Amino acid sequence: MAILPILCYPDPRLHTVAQPVNAVDERVRTLVQDMLDTMYDAHGIGLAATQVDVHQRVIVIDVSEERNRPLVLINPEIVWASAEMRVGDEGCLSVPGIYDGVERAAQVRVRALDAQGEPQTIEAEEILAVCIQHEMDHLLGKVFVEYLSPLKRSRIRSKMLKRQREERA
Ligand code: NI
């Protein structure tokens, strides 16, 4: 079990575009386990490898109440998204304490490899659809605050930098 450090916005490494995983080997399985440990430890519902400074297309999610239904998405691709959009409040382990509304497709169908390297297709709606789209953005180097107005974003940026200075002091 390993808890990995989570990058905090506005760390420029959060804008790195992740590369596809070539093979789901022991190294990737260890990464997945460490990411699950890190997500559960931080009480998050999703974590992208980008957030732990590993730039590979790996996501872990658990939106269950009981925190016992881990979902692992390796090389995820959205193969279908509903035309219907929905605005939901989002937060992020890389932007602690900030929650704001983001418009996303209400439903998505995602194809990905699971932790064993087997292909899986997931039909997602509600919070799972939001979470998948949010985490997939991380793999493209995008943080949810980038959907907010420039004013809000700059306020969040200042707040985060101030907090990081205080933590270092
Ligand atoms: Ni996030």
Side-chain angles (χ1 to χ4, degrees), residues 2-21 28 31-65 67 69-78 81 85-108 110 112-115 122 124-164 167:
I3 309 296
L4 306 171
I6 298 174
L7 299 179
C8 269
Y9 185 82
D11 192 310
R13 289 171 290 181
L14 286 169
H15 303 304
T16 312
V17 177
Q19 298 299 308
V21 170
V28 172
L31 170 66
V32 164
Q33 193 51 58
D34 291 347
M35 285 173 62
L36 284 167
D37 293 341
T38 304
M39 175 185 74
Y40 287 126
D41 179 69
H43 308 287
I45 60 171
L47 186 70
T50 310
Q51 294 175 273
V52 293
D53 203 21
V54 175
H55 302 288
Q56 301 236 297
R57 294 185 59 81
V58 178
I59 286 170
V60 297
I61 289 175
D62 191 341
V63 295
S64 71
E65 284 289 330
R67 318 288 290 143
R69 292 189 60 196
L71 185 61
V72 176
L73 303 179
I74 298 171
N75 296 343
E77 302 291 342
I78 290 183
M85 305 291 281
R86 206 164 281 174
V87 178
D89 258 8
E90 296 187 21
C92 181
L93 292 175
S94 293
V95 200
I98 304 292
Y99 301 89
D100 214 323
V102 175
E103 188 178 52
R104 306 271 190 190
Q107 295 164 292
V108 290
V110 181
L113 300 178
D114 66 15
I122 292 156
E125 57 181 7
E126 299 182 348
I127 185 128
L128 182 58
V130 171
C131 193
I132 288 174
Q133 292 173 83
H134 174 117
E135 302 309 331
M136 284 185 68
D137 272 352
H138 276 302
L139 301 180
L140 297 173
K142 188 161 185 177
V143 181
F144 86 102
V145 298
E146 289 167 60
Y147 289 100
L148 308 178
S149 69
L151 178 64
K152 272 189 182 171
R153 198 161 62 236
S154 97
R155 279 191 189 142
I156 292 167
R157 190 188 169 87
S158 312
K159 197 171 173 177
M160 291 295 131
L161 288 171
K162 181 164 177 273
R163 187 184 301 166
Q164 286 159 29
E167 278 166 7

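Remember, it's a predicted structure, so these values are computed and weren't measured experimentally. The figures here come from the full heavy-atom set of this structure, side chains too, leaving out hydrogens, waters and symmetry mates. All ligand and atom numbering here is 1-based and tracks the order in the structure.
Applying the ring-ring contact (aromatic ring centres under 6.0 Å, His included) rule to pairs touching residues 129-162 yields H134-H138, H134-F144, sequence neighbours excluded.
I3 meets the side-chain contact (heavy atoms from CB on, under 4.5 Å) test with M1, D37, T38, D41; sequence neighbours excluded. Not a single side-chain contact (heavy atoms from CB on, under 4.5 Å) links V17 to another residue, sequence neighbours left out.
Looking at heavy atoms from C-beta onward, I127 lies in side-chain contact with I45 at the 4.5 angstrom threshold. The closest side-chain heavy-atom distance from L128 to I122 is below 4.5 Å.
Shown are the protein N/O/S atoms under 2.8 Å from the Ni ion (ligand 1), given by residue and atom: C92 SG, H134 NE2, H138 NE2.
Judged by distance alone, the side chain of R57 and the main-chain N or O of A18 form no donor-acceptor pair under 3.5 Å.
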